[in-house]
Amino acid sequence: MQVPAPFEYVRATSVENVLELLDRHGEEARVIAGGHSLLPMMKLRLARPEWLIDINDVAELDHLTEDADSLRVGALTRHATLLSSELVGRLFPIIHDAERVIADPVVRNRGTIGGSLGQADPAEDLTTVCDVLDAEIVIAGSAGPRVVGIADLHRGPYETACEQHELITEIRFPIRAGRGSAYEKVERRVGDWAVAAAGASVVLEDDGRICDVTVGLTALGVEGCVPGMLEALCEQQPSEELFAEAGRIAAEASSPVEDQRGPVDYKRHLADELTRRVLRTAVARAGALAAV
């Protein structure tokens, strides 16, 4: 039987309390919410924290708030909450697309958006979503909160800009008129990590031309968004030829590794095909929003 090493456990009551506990217990403390990444590592003794700080009672971290120019999502917001929210689906359908293919209902009922981003797994779906939507991450510390762009949050696999004594508290998604977005994933079985996935955000002018576009890839060796997309697609009318060019750019930018999920050529083909699909869907959604 796999069992964790001995540890102490405490339930925090507020963000201030979490920060105080992190300062008190130092490097040997870990924050837990859903626990779907941390607990398996503890059972395998890959992680051996001396203290677990449970944040499930910190209600201020669980919210969905629409402001004039952004949607603010508390870090403790569950995947299931994001998936069921009409507000989230209306503003950012890409989030609903991604949440539908994250693990299974058991994981989605307990897992949180803050935990997903804090894990910094290269095959994690919401990281690509946040890249595509140019999200900002609010991080609380004893010196006060600070805001970092999603591009600056992840420093590498399983490494983030959130220090040991800090806590991710909120994710902010900027709201833009005329934006459509989409995410699509290929997996070996339902709920598995991605063989490959792609996400796209497109903003259309009143005449239908593309005025802004971002594409992100999951599990394909691309950090952040695919370079060159804006230059290739901006100020042009959407077309199948344009989507094919975007797919070519994505395939060339990808740097997948061969593993049990497939060879390199297959994964590059997926980068091409999935990029075409998500751009096609994002443009259709942007056009539908513009017509409202």
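- Considering only residues two or more places apart in sequence or on other chains, Arg11 meets the side-chain hydrogen bond (donor to acceptor under 3.5 Å, both in side chains) condition with Tyr9, Asp54, Asp57.
- Looking at Val3 and Arg45, their side chains come closer than 4.5 Å, going by heavy atoms from C-beta outward.
- In this structure, Thr214 contributes its side chain and Val132 its backbone to a donor-acceptor pair below 3.5 Å.
- In terms of heavy-atom proximity, Ala75 sits nearest to Ile171 at CA-CD1, 4.1 Å.
- Using a cut-off of 4.0 Å between Lys/Arg side-chain N and Asp/Glu carboxylate O, Arg189 and Glu187 are scored as not salt-bridged.
- Annotation: side chain of Arg179 is not in contact with side chain of Val202 (no heavy-atom distance under 4.5 Å).
- Counted within 6.0 Å of CD on Glu16, heavy atoms from surrounding residues, nucleotides or ligands total 12 or fewer; the atom is thus considered open.
- For the side chain to side chain contact (heavy atoms under 4.5 Å, CB included) with Cys225, the lone residue among Asp131, Val215, Thr128 that qualifies is Asp131.
- Using a 4.0 Å cut-off between charged side-chain N and carboxylate O, Arg172 and Asp67 make no salt bridge.
- Heavy-atom minimum distance, Gly199 versus Val278: C-CG2, 4.1 Å.
- Separation of atoms CD1 (Ile94) and NE2 (His96) is listed at 12.0 Å; rounding is to 0.5 Å.
- With a 4.5 Å cut-off on side-chain heavy atoms, Arg108 and His36 do not count as touching.
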Practice prompt. Using the side-chain contact (heavy atoms from CB on, under 4.5 Å) rule, take Ile32 and Ile53 through it: C-alpha gap first, then chi angles, then the decisive distance, then the call.
Written response: CA-CA 6 Å; Ile32 187 168; Ile53 303 170; over 6 Å; no

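- To the nearest 0.5 Å, atom CG of residue Leu270 and atom NZ of residue Lys185 are 13.0 Å apart.
- Using bins of under 30°, 30° to 60° and over 60° for the plane-to-plane angle, the ring pair Phe92/Phe173 lands in the tilted bin.
- Shown here is Asp207, whose CG atom has more than 12 heavy atoms of other residues, nucleotides or ligands within 6.0 Å.
- Rounding to the nearest 0.5 Å gives a distance of 11.0 Å between CG of Asp192 and CG of Asp104.
- In this structure, Asn109 contributes its side chain and Pro105 its backbone to a donor-acceptor pair below 3.5 Å.
- Tyr183 pairs with exactly one of Thr218, Ile95, Leu274 by the side chain to side chain contact (heavy atoms under 4.5 Å, CB included) rule, that one being Thr218.
- Contacts of Glu159 classified as salt bridge (charged side-chain N to carboxylate O under 4.0 Å, His left out), with partners at least two apart in sequence or in another chain: none.
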Q.
Under the criterion side-chain contact (heavy atoms from CB on, under 4.5 Å), I'd like the reasoning laid out for Ile137 against Val147: C-alpha separation, chi angles, the key distance, then a yes or no.
A. CA-CA 6 Å; Ile137 314 301; Val147 180; over 6 Å; no

Exercise for the section: Go through Arg30 and Glu50 one step at a time and tell me if the salt bridge (Lys or Arg N to Asp or Glu O under 4.0 Å) criterion holds. Expected result: CA-CA 8 Å; Arg30 293 290 184 273; Glu50 295 180 3; over 6 Å; no

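- Between Leu279 and Val213 the shortest side-chain heavy-atom distance falls below 4.5 Å.
- Panel note: side chain Glu124, backbone Leu126; a donor-acceptor pair is recorded below 3.5 Å.
- For the residue pair Pro145 and Val138, the shortest heavy atom distance occurs at CB-CG1, 4.2 Å.
- Considering only heavy atoms from C-beta on, Leu64 comes within 4.5 Å of Val88 through its side chain.
- Cluster annotation: Val195 is not connected to Leu217 through the hydrophobic network of ILVMFWY side chains, with a link wherever side-chain heavy atoms come within less than 4.5 Å.
- Grouping the Ile, Leu, Val, Met, Phe, Trp and Tyr side chains by contacts below 4.5 angstrom, directly or via other members, places Leu117 apart from Ile55.
- In summary, Glu60 and Arg72 do not engage in a salt bridge, as defined by a charged side-chain N under 4.0 Å from a carboxylate O.
- Note that OG1 of Thr112 is 6.5 Å distant from CZ of Arg78, once rounded to the nearest 0.5 Å.
- The shortest heavy-atom contact between Pro157 and Pro122 is CB-CG, 3.8 Å.
- The closest side-chain heavy-atom distance from Pro238 to Ile210 is below 4.5 Å.
- Both Leu153 and Val73 are assigned to one and the same hydrophobic cluster, defined by single-linkage of ILVMFWY side chains at heavy-atom distances under 4.5 Å.
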Let me see the working for Glu170 and His63 under side-chain hydrogen bond (donor to acceptor under 3.5 Å, both in side chains), right down to the final yes or no.
CA-CA 9 Å; Glu170 188 175 84; His63 65 87; 3.2 Å; yes

Exercise. Take Ser116 and His79 through the test side-chain hydrogen bond (donor to acceptor under 3.5 Å, both in side chains) and record every step on the way to the result.
Key: CA-CA 10 Å; Ser116 292; His79 296 302; 3.2 Å; yes

Could you please spell out the steps behind the side-chain contact (heavy atoms from CB on, under 4.5 Å) verdict for Leu52 and Leu38?
CA-CA 10 Å; Leu52 281 189; Leu38 179 58; 3.7 Å; yes

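- Taking all atoms of both residues into account, the shortest heavy-atom contact from Thr160 to Ala120 is CG2-CB, 3.7 Å.
- Annotation: salt bridge (charged side-chain N to carboxylate O under 4.0 Å, His left out) contacts of Asp212 (sequence neighbours excluded): Arg176.
- Between Arg276 and Asp272 a salt bridge is recorded (basic side-chain N to carboxylate O distance below 4.0 Å).
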- Message: Pair Arg155, Glu163 - check salt bridge (Lys or Arg N to Asp or Glu O under 4.0 Å), show working.
- Response: CA-CA 12 Å; Arg155 295 175 172 171; Glu163 303 294 343; 3.6 Å; yes

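- Residues Leu76 and Val31 share a hydrophobic cluster, clusters being chains of Ile/Leu/Val/Met/Phe/Trp/Tyr side chains in contact below 4.5 Å.
- In this structure the side chain of Asp97 never reaches within 4.5 angstrom of the side chain of Glu184, judged on heavy atoms.
- In terms of modelled atom types and a separation under 3.5 Å, the side chain of Thr81 and the main chain of Thr77 share no donor-acceptor contact.
- A salt bridge is absent between Lys267 and Glu258: the closest approach of a Lys/Arg side-chain nitrogen to an acidic carboxylate oxygen does not fall below 4.0 angstrom.
- Taking the side chain as every heavy atom from C-beta outward, Glu205 and Cys211 approach each other to under 4.5 Å.
- Closest approach of Ala271 to Ala250, counting heavy atoms only: O-CB, 3.9 Å.
- Going from atom CD1 of Ile168 over to atom CG of Leu61 covers 11.0 Å, rounded to the nearest 0.5 Å.
- One distance of note links CD of Gln164 with NE2 of His25; it measures 11.5 Å at 0.5 Å rounding.
- Linking ILVMFWY residues whenever their side-chain heavy atoms come closer than 4.5 Å, directly or via other members, leaves Val283 and Val203 in distinct clusters.
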>> Pair Ser142, Leu19 - check side-chain contact (heavy atoms from CB on, under 4.5 Å), show working.
In response: CA-CA 7 Å; Ser142 56; Leu19 298 177; 5.7 Å; no

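- For Gln236 (side chain) and Ala232 (main-chain N/O), a donor-acceptor pair under 3.5 Å exists by modelled atom type.
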